[in-house]
There are 2 protein chains.
Amino acid sequence: MYRIGELADLCEVKADTLRFYEKHGLLSPSSRTDSGYRVYTDADAARLRFILRAKAVGFTLSEISELLSIDLDKSNWACADVKGMVDLKLAQVQAKIAELLHFQTSLQSLSDACCGGPRSAEHCSILEALESSTERVRVEHDHGATDCTTTLDKSGN
Amino acid sequence: MYRIGELADLCEVKADTLRFYEKHGLLSPSSRTDSGYRVYTDADAARLRFILRAKAVGFTLSEISELLSIDLDKSNWACADVKGMVDLKLAQVQAKIAELLHFQTSLQSLSDACCGGPRSAEHCSILEALESSTERVRVEHDHGATDCTTTLDKSGN
DNA sequence: ATAAACCTTAGAGCCTACTCCAAGGTCAAG
DNA sequence: CTTGACCTTGGAGTAGGCTCTAAGGTTTAT
(Lines give C-alpha, C1' and ligand atoms only; values in the text may rest on other atoms or scores of the structure.)
Protein backbone atom coordinates (compact mmCIF):
# COMPACT_ATOMS: atom_id res chain seq x y z
CA MET A 1 0.00 0.00 0.00
CA TYR A 2 1.40 3.30 -1.09
CA ARG A 3 0.33 6.87 -0.85
CA ILE A 4 0.66 8.88 -4.00
CA GLY A 5 4.02 10.39 -3.11
CA GLU A 6 5.45 7.02 -2.15
CA LEU A 7 4.43 5.38 -5.41
CA ALA A 8 5.68 8.39 -7.31
CA ASP A 9 9.09 8.18 -5.64
CA LEU A 10 9.21 4.45 -6.15
CA CYS A 11 8.70 4.76 -9.88
CA GLU A 12 10.48 8.04 -10.36
CA VAL A 13 7.53 10.03 -11.56
CA LYS A 14 5.76 12.96 -9.94
CA ALA A 15 2.59 12.71 -7.92
CA ASP A 16 1.07 15.11 -10.44
CA THR A 17 1.77 12.59 -13.15
CA LEU A 18 -0.13 9.89 -11.27
CA ARG A 19 -3.12 12.24 -10.87
CA PHE A 20 -2.85 12.99 -14.56
CA TYR A 21 -2.87 9.29 -15.41
CA GLU A 22 -5.89 8.82 -13.21
CA LYS A 23 -7.76 11.66 -14.85
CA HIS A 24 -7.07 10.02 -18.19
CA GLY A 25 -8.15 6.57 -17.13
CA LEU A 26 -4.76 4.92 -17.15
CA LEU A 27 -4.29 4.24 -13.48
CA SER A 28 -6.66 4.65 -10.56
CA PRO A 29 -5.78 3.87 -6.97
CA SER A 30 -7.51 0.76 -5.67
CA SER A 31 -8.91 2.70 -2.74
CA ARG A 32 -8.88 5.84 -0.68
CA THR A 33 -8.35 6.46 3.01
CA ASP A 34 -11.26 7.87 5.01
CA SER A 35 -9.80 11.29 4.53
CA GLY A 36 -9.66 10.88 0.79
CA TYR A 37 -5.98 10.08 0.26
CA ARG A 38 -5.26 7.80 -2.69
CA VAL A 39 -4.09 4.32 -1.75
CA TYR A 40 -2.23 2.27 -4.33
CA THR A 41 -1.65 -1.49 -4.11
CA ASP A 42 1.18 -3.55 -5.56
CA ALA A 43 -1.11 -4.37 -8.46
CA ASP A 44 -1.48 -0.65 -9.10
CA ALA A 45 2.28 -0.31 -8.99
CA ALA A 46 2.59 -3.12 -11.51
CA ARG A 47 0.14 -1.35 -13.77
CA LEU A 48 2.16 1.83 -13.47
CA ARG A 49 5.29 -0.07 -14.43
CA PHE A 50 3.47 -1.45 -17.45
CA ILE A 51 2.64 2.11 -18.44
CA LEU A 52 6.20 3.28 -17.98
CA ARG A 53 7.62 0.36 -19.95
CA ALA A 54 5.21 1.03 -22.79
CA LYS A 55 6.19 4.68 -22.74
CA ALA A 56 9.82 3.65 -22.86
CA VAL A 57 9.29 1.91 -26.18
CA GLY A 58 7.49 4.87 -27.65
CA PHE A 59 3.78 4.33 -27.15
CA THR A 60 1.56 7.33 -26.47
CA LEU A 61 -0.72 7.36 -23.47
CA SER A 62 -3.79 6.62 -25.55
CA GLU A 63 -2.09 3.66 -27.13
CA ILE A 64 -1.05 2.52 -23.69
CA SER A 65 -4.68 2.78 -22.63
CA GLU A 66 -5.52 0.38 -25.39
CA LEU A 67 -2.70 -1.97 -24.46
CA LEU A 68 -3.85 -1.95 -20.85
CA SER A 69 -7.38 -2.85 -21.76
CA ILE A 70 -6.13 -5.67 -23.96
CA ASP A 71 -3.94 -6.83 -21.13
CA LEU A 72 -6.93 -7.05 -18.82
CA ASP A 73 -8.93 -9.05 -21.35
CA LYS A 74 -6.27 -11.07 -23.07
CA SER A 75 -8.44 -14.02 -23.97
CA ASN A 76 -10.51 -11.87 -26.26
CA TRP A 77 -7.56 -10.66 -28.25
CA ALA A 78 -5.11 -12.37 -30.54
CA CYS A 79 -1.35 -12.11 -30.60
CA ALA A 80 -1.86 -10.67 -34.07
CA ASP A 81 -3.70 -7.71 -32.57
CA VAL A 82 -0.95 -6.94 -30.13
CA LYS A 83 1.80 -7.49 -32.65
CA GLY A 84 -0.13 -5.28 -35.06
CA MET A 85 0.03 -2.43 -32.58
CA VAL A 86 3.74 -2.92 -32.09
CA ASP A 87 4.38 -3.11 -35.81
CA LEU A 88 2.33 -0.02 -36.47
CA LYS A 89 4.25 1.90 -33.85
CA LEU A 90 7.47 0.55 -35.29
CA ALA A 91 6.52 1.87 -38.70
CA GLN A 92 5.67 5.28 -37.22
CA VAL A 93 8.97 5.39 -35.37
CA GLN A 94 10.83 4.45 -38.53
CA ALA A 95 9.05 7.16 -40.49
CA LYS A 96 10.01 9.72 -37.89
CA ILE A 97 13.59 8.49 -37.92
CA ALA A 98 13.67 8.86 -41.68
CA GLU A 99 12.47 12.45 -41.40
CA LEU A 100 15.03 13.26 -38.75
CA LEU A 101 17.82 11.65 -40.73
CA HIS A 102 16.82 13.94 -43.53
CA PHE A 103 17.06 16.93 -41.21
CA GLN A 104 20.38 15.65 -39.98
CA THR A 105 21.83 15.37 -43.47
CA SER A 106 20.66 18.83 -44.43
CA LEU A 107 21.87 20.41 -41.22
CA GLN A 108 25.20 18.68 -41.52
CA SER A 109 25.76 20.00 -45.01
CA LEU A 110 24.75 23.48 -43.92
CA SER A 111 27.15 23.24 -41.03
CA ASP A 112 29.96 21.88 -43.19
CA ALA A 113 29.49 24.66 -45.71
CA CYS A 114 29.89 27.40 -43.12
CA CYS A 115 33.24 28.67 -42.00
CA GLY A 116 31.90 29.33 -38.52
CA GLY A 117 34.28 32.21 -38.13
CA PRO A 118 33.94 35.32 -35.98
CA ARG A 119 33.48 37.68 -38.90
CA SER A 120 30.34 39.10 -40.38
CA ALA A 121 27.65 36.77 -41.61
CA GLU A 122 27.15 38.91 -44.68
CA HIS A 123 28.25 36.07 -46.91
CA CYS A 124 27.30 33.23 -44.63
CA SER A 125 26.63 30.19 -46.74
CA ILE A 126 23.95 28.95 -44.37
CA LEU A 127 21.91 32.11 -44.76
CA GLU A 128 22.49 32.02 -48.49
CA ALA A 129 21.24 28.47 -48.66
CA LEU A 130 18.09 29.40 -46.78
CA GLU A 131 17.53 32.50 -48.90
CA SER A 132 18.27 31.04 -52.27
CA SER A 133 15.36 30.07 -54.41
CA THR A 134 17.50 27.53 -56.20
CA GLU A 135 18.28 24.51 -54.10
CA ARG A 136 21.96 24.72 -54.93
CA VAL A 137 24.31 27.10 -53.23
CA ARG A 138 27.83 28.02 -54.15
CA VAL A 139 29.97 28.58 -51.16
CA GLU A 140 33.06 30.51 -51.96
CA HIS A 141 33.42 33.39 -49.64
CA ASP A 142 35.93 35.81 -48.40
CA HIS A 143 36.98 34.77 -44.99
CA GLY A 144 38.70 31.48 -45.03
CA ALA A 145 36.08 28.93 -45.89
CA THR A 146 37.03 26.12 -48.16
CA ASP A 147 35.19 26.02 -51.44
CA CYS A 148 32.21 23.80 -51.47
CA THR A 149 28.76 23.27 -52.78
CA THR A 150 25.91 22.27 -50.60
CA THR A 151 22.48 21.06 -51.48
CA LEU A 152 19.35 21.78 -49.56
CA ASP A 153 16.96 19.08 -50.54
CA LYS A 154 13.41 20.21 -51.03
CA SER A 155 12.05 16.68 -50.84
CA GLY A 156 12.67 16.71 -47.12
CA ASN A 157 9.53 18.73 -46.66
CA MET B 1 1.79 41.07 -55.89
CA TYR B 2 -0.21 38.27 -54.41
CA ARG B 3 -3.34 38.00 -52.39
CA ILE B 4 -3.16 35.63 -49.46
CA GLY B 5 -4.73 32.72 -51.28
CA GLU B 6 -2.45 33.14 -54.26
CA LEU B 7 0.71 33.14 -52.17
CA ALA B 8 -0.62 30.22 -50.20
CA ASP B 9 -1.24 28.19 -53.36
CA LEU B 10 2.11 29.20 -54.76
CA CYS B 11 3.95 27.90 -51.74
CA GLU B 12 1.62 25.04 -50.94
CA VAL B 13 0.54 26.23 -47.55
CA LYS B 14 -2.87 27.38 -46.35
CA ALA B 15 -3.97 30.97 -46.09
CA ASP B 16 -4.56 30.28 -42.41
CA THR B 17 -0.92 29.39 -42.06
CA LEU B 18 0.12 32.75 -43.50
CA ARG B 19 -2.16 34.55 -41.06
CA PHE B 20 -0.67 32.44 -38.30
CA TYR B 21 2.86 33.38 -39.37
CA GLU B 22 1.85 37.01 -39.42
CA LYS B 23 0.38 36.83 -35.93
CA HIS B 24 3.65 35.34 -34.74
CA GLY B 25 5.80 37.94 -36.41
CA LEU B 26 7.34 35.73 -39.07
CA LEU B 27 5.84 37.22 -42.19
CA SER B 28 3.73 40.32 -42.72
CA PRO B 29 2.35 41.44 -46.06
CA SER B 30 4.07 44.55 -47.39
CA SER B 31 0.75 46.31 -47.78
CA ARG B 32 -3.01 46.07 -47.80
CA THR B 33 -5.61 47.00 -50.39
CA ASP B 34 -8.08 49.75 -49.56
CA SER B 35 -10.53 47.10 -48.50
CA GLY B 36 -8.03 45.55 -46.15
CA TYR B 37 -6.89 42.56 -48.19
CA ARG B 38 -3.31 41.50 -47.57
CA VAL B 39 -0.92 42.16 -50.45
CA TYR B 40 2.34 40.23 -50.60
CA THR B 41 5.32 41.17 -52.77
CA ASP B 42 7.98 38.93 -54.26
CA ALA B 43 10.18 39.84 -51.33
CA ASP B 44 7.48 38.54 -49.01
CA ALA B 45 7.32 35.37 -51.05
CA ALA B 46 11.09 35.00 -50.74
CA ARG B 47 10.78 35.42 -46.99
CA LEU B 48 8.12 32.74 -46.91
CA ARG B 49 10.38 30.40 -48.84
CA PHE B 50 13.14 31.08 -46.34
CA ILE B 51 10.75 30.06 -43.60
CA LEU B 52 9.70 26.91 -45.39
CA ARG B 53 13.29 25.91 -46.13
CA ALA B 54 14.23 26.42 -42.51
CA LYS B 55 11.25 24.33 -41.47
CA ALA B 56 12.37 21.64 -43.89
CA VAL B 57 15.64 21.25 -42.07
CA GLY B 58 13.97 21.00 -38.69
CA PHE B 59 13.93 24.47 -37.18
CA THR B 60 10.96 25.52 -35.06
CA LEU B 61 9.13 28.72 -35.85
CA SER B 62 10.74 30.60 -32.99
CA GLU B 63 14.17 29.55 -34.17
CA ILE B 64 13.19 30.63 -37.67
CA SER B 65 12.20 34.00 -36.23
CA GLU B 66 15.70 34.34 -34.90
CA LEU B 67 17.24 33.26 -38.21
CA LEU B 68 15.12 35.80 -40.05
CA SER B 69 16.17 38.64 -37.83
CA ILE B 70 19.81 37.63 -38.24
CA ASP B 71 19.28 37.49 -41.97
CA LEU B 72 17.99 41.06 -41.97
CA ASP B 73 20.93 42.30 -39.97
CA LYS B 74 23.74 40.07 -41.17
CA SER B 75 26.54 42.52 -40.64
CA ASN B 76 25.97 42.46 -36.91
CA TRP B 77 26.26 38.72 -36.66
CA ALA B 78 29.10 36.33 -37.22
CA CYS B 79 29.10 33.10 -39.17
CA ALA B 80 29.86 31.47 -35.84
CA ASP B 81 26.49 32.59 -34.53
CA VAL B 82 24.62 31.11 -37.45
CA LYS B 83 26.65 27.93 -37.48
CA GLY B 84 26.08 27.68 -33.75
CA MET B 85 22.35 27.60 -34.29
CA VAL B 86 22.69 24.94 -36.95
CA ASP B 87 24.98 22.84 -34.82
CA LEU B 88 22.70 23.13 -31.83
CA LYS B 89 19.77 22.02 -33.90
CA LEU B 90 21.86 19.22 -35.33
CA ALA B 91 22.66 18.02 -31.83
CA GLN B 92 18.98 18.12 -30.90
CA VAL B 93 18.03 16.19 -34.00
CA GLN B 94 20.70 13.62 -33.28
CA ALA B 95 19.50 13.22 -29.72
CA LYS B 96 15.99 12.64 -30.94
CA ILE B 97 17.22 10.13 -33.51
CA ALA B 98 19.07 8.27 -30.78
CA GLU B 99 15.90 8.08 -28.72
CA LEU B 100 13.88 6.83 -31.65
CA LEU B 101 16.51 4.25 -32.57
CA HIS B 102 16.16 3.02 -29.05
CA PHE B 103 12.42 2.75 -29.50
CA GLN B 104 12.96 1.02 -32.78
CA THR B 105 15.24 -1.61 -31.31
CA SER B 106 12.89 -2.33 -28.46
CA LEU B 107 9.85 -2.50 -30.68
CA GLN B 108 11.63 -4.74 -33.12
CA SER B 109 12.56 -7.20 -30.42
CA LEU B 110 9.02 -7.16 -29.07
CA SER B 111 7.71 -7.80 -32.54
CA ASP B 112 10.20 -10.54 -33.22
CA ALA B 113 9.31 -12.27 -29.99
CA CYS B 114 5.61 -12.44 -30.80
CA CYS B 115 4.13 -15.17 -32.95
CA GLY B 116 1.54 -12.76 -34.28
CA GLY B 117 -0.92 -15.60 -34.64
CA PRO B 118 -4.70 -15.48 -34.56
CA ARG B 119 -5.01 -17.22 -31.23
CA SER B 120 -5.55 -15.79 -27.79
CA ALA B 121 -3.08 -13.29 -26.46
CA GLU B 122 -3.15 -15.00 -23.07
CA HIS B 123 0.51 -15.88 -23.40
CA CYS B 124 1.52 -13.08 -25.71
CA SER B 125 5.17 -12.37 -25.23
CA ILE B 126 4.69 -8.69 -25.90
CA LEU B 127 2.21 -8.29 -23.07
CA GLU B 128 4.42 -10.41 -20.85
CA ALA B 129 7.36 -8.18 -21.60
CA LEU B 130 5.38 -5.09 -20.69
CA GLU B 131 4.00 -6.69 -17.54
CA SER B 132 7.13 -8.28 -16.27
CA SER B 133 8.96 -6.50 -13.53
CA THR B 134 12.21 -8.10 -14.62
CA GLU B 135 13.61 -6.69 -17.81
CA ARG B 136 14.11 -10.11 -19.27
CA VAL B 137 11.32 -12.16 -20.72
CA ARG B 138 11.28 -15.80 -21.60
CA VAL B 139 9.23 -16.44 -24.65
CA GLU B 140 8.27 -20.03 -24.95
CA HIS B 141 4.60 -20.31 -25.52
CA ASP B 142 2.05 -22.72 -26.71
CA HIS B 143 1.05 -21.68 -30.15
CA GLY B 144 3.87 -21.90 -32.54
CA ALA B 145 6.33 -19.24 -31.52
CA THR B 146 10.00 -20.04 -31.72
CA ASP B 147 11.83 -19.89 -28.45
CA CYS B 148 13.50 -16.65 -27.76
CA THR B 149 14.50 -14.19 -25.14
CA THR B 150 13.90 -10.54 -25.53
CA THR B 151 15.18 -7.65 -23.54
CA LEU B 152 13.31 -4.51 -22.79
CA ASP B 153 15.92 -1.99 -21.94
CA LYS B 154 15.04 0.28 -19.08
CA SER B 155 17.73 2.80 -19.99
CA GLY B 156 15.66 3.90 -22.92
CA ASN B 157 13.53 5.94 -20.64
C1' DA C 1 -28.24 41.80 -59.82
C1' DT C 2 -26.66 38.00 -57.81
C1' DA C 3 -24.00 34.00 -56.77
C1' DA C 4 -19.52 32.07 -56.11
C1' DA C 5 -15.26 32.65 -54.59
C1' DC C 6 -12.52 35.25 -52.16
C1' DC C 7 -11.23 38.08 -48.19
C1' DT C 8 -11.55 40.15 -43.04
C1' DT C 9 -11.46 39.61 -37.67
C1' DA C 10 -11.33 37.62 -33.01
C1' DG C 11 -11.18 33.81 -30.81
C1' DA C 12 -11.71 28.82 -29.79
C1' DG C 13 -10.06 24.13 -30.39
C1' DC C 14 -6.80 20.35 -31.09
C1' DC C 15 -2.90 17.27 -29.76
C1' DT C 16 0.47 15.35 -26.06
C1' DA C 17 2.02 14.95 -21.61
C1' DC C 18 2.56 16.97 -18.20
C1' DT C 19 3.42 20.88 -14.62
C1' DC C 20 2.12 24.24 -11.60
C1' DC C 21 -0.96 26.95 -8.71
C1' DA C 22 -4.13 28.31 -4.95
C1' DA C 23 -6.70 27.34 -1.10
C1' DG C 24 -7.38 24.32 1.98
C1' DG C 25 -7.51 19.50 4.71
C1' DT C 26 -4.62 15.61 7.26
C1' DC C 27 -1.17 13.48 9.84
C1' DA C 28 2.94 12.51 12.75
C1' DA C 29 6.44 14.43 15.70
C1' DG C 30 7.76 17.12 19.53
C1' DC D 1 -1.05 22.64 19.88
C1' DT D 2 1.78 23.92 16.45
C1' DT D 3 4.96 22.98 12.65
C1' DG D 4 5.98 20.86 8.48
C1' DA D 5 5.37 17.49 5.25
C1' DC D 6 2.04 15.48 3.02
C1' DC D 7 -2.48 15.21 0.75
C1' DT D 8 -7.03 17.10 -1.74
C1' DT D 9 -9.50 19.67 -5.75
C1' DG D 10 -10.30 22.35 -9.94
C1' DG D 11 -8.37 24.81 -13.19
C1' DA D 12 -4.81 27.29 -15.81
C1' DG D 13 -0.44 27.27 -18.36
C1' DT D 14 3.24 25.33 -21.46
C1' DA D 15 5.12 24.11 -26.08
C1' DG D 16 4.38 23.89 -31.33
C1' DG D 17 1.83 24.58 -35.28
C1' DC D 18 -1.67 25.02 -37.01
C1' DT D 19 -6.93 24.56 -38.13
C1' DC D 20 -11.45 25.94 -37.87
C1' DT D 21 -15.60 28.78 -36.89
C1' DA D 22 -18.73 32.61 -37.05
C1' DA D 23 -20.28 36.59 -38.92
C1' DG D 24 -19.58 39.54 -42.10
C1' DG D 25 -17.31 42.48 -46.25
C1' DT D 26 -15.29 42.39 -51.39
C1' DT D 27 -14.51 41.00 -56.01
C1' DT D 28 -15.48 38.84 -60.22
C1' DA D 29 -18.07 36.55 -63.58
C1' DT D 30 -22.37 35.94 -65.66
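When reading the values below, keep in mind they use all heavy atoms of this one structure, side chains included, and skip hydrogens, waters and symmetry mates. Lettering follows sequence order; numbering is per chain, from 1. These numbers come from a predicted model, not from an experiment.
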A/Glu66 versus A/Ser69, side-chain donor and acceptor atoms under 3.5 Å
no

Among side-chain atoms of A/Asp112 and A/Ser109, is any donor-acceptor pair under 3.5 angstrom?
no

Going by side-chain contact (heavy atoms from CB on, under 4.5 Å), name the residues that satisfy it together with B/Thr33, two or more places apart in sequence or in a different chain.
B/Ser35, B/Tyr37, B/Val39

Sequence-distant partners of A/Asp87, side-chain contact (heavy atoms from CB on, under 4.5 Å), two or more places apart:
A/Lys83, A/Leu90, B/Ser111

Quick check on contacts: within residues 19-39 of chain B, what sits under 4.0 Å from DNA chain C by heavy-atom distance?
B/Arg19, B/Arg32, B/Gly36, B/Tyr37, B/Arg38

Determine, step by step, whether B/Tyr2 and B/Asp42 satisfy the side chain to side chain donor-acceptor pair (under 3.5 Å) criterion, reporting the C-alpha distance in whole Å, the side-chain angles of both residues, the deciding distance to 0.1 Å, and the verdict.
CA-CA 8 Å; B/Tyr2 313 95; B/Asp42 285 326; 2.5 Å; yes

Chain B vs DNA chain D, heavy-atom contacts under 4.0 Å, first-to-last nucleotide span, 5' to 3', is D/dG17 to D/dT27

Are B/Leu10 and B/Leu27 connected in a single hydrophobic cluster, I mean Ile/Leu/Val/Met/Phe/Trp/Tyr linked by side-chain heavy atoms less than 4.5 Å apart?
yes

With salt bridge (charged side-chain N to carboxylate O under 4.0 Å, His left out) as the rule and sequence neighbours excluded, what pairs involving residues 27-37 of chain A come up?
A/Glu22-A/Arg32

Roughly how far, to the nearest 0.5 Å, is the CG atom of B/Leu61 from the OH atom of B/Tyr21?
5.0 Å

Taking heavy atoms of chain A and a 4.0 Å limit, find me the 5'-most and 3'-most nucleotide of DNA chain C within that range.
C/dA17 to C/dC27

Just so I know, are the side chains of A/Ile97 and B/Lys96 near enough to count as touching, which here means a heavy-atom distance under 4.5 Å?
no

Do the side chains of B/Cys114 and B/Leu110 get nearer than 4.5 Å, heavy atoms only?
no

Taking for A/Arg3 and for A/Lys14 the nucleotide of DNA chain C with the nearest heavy atom, the one nearer the 5' end belongs to A/Lys14

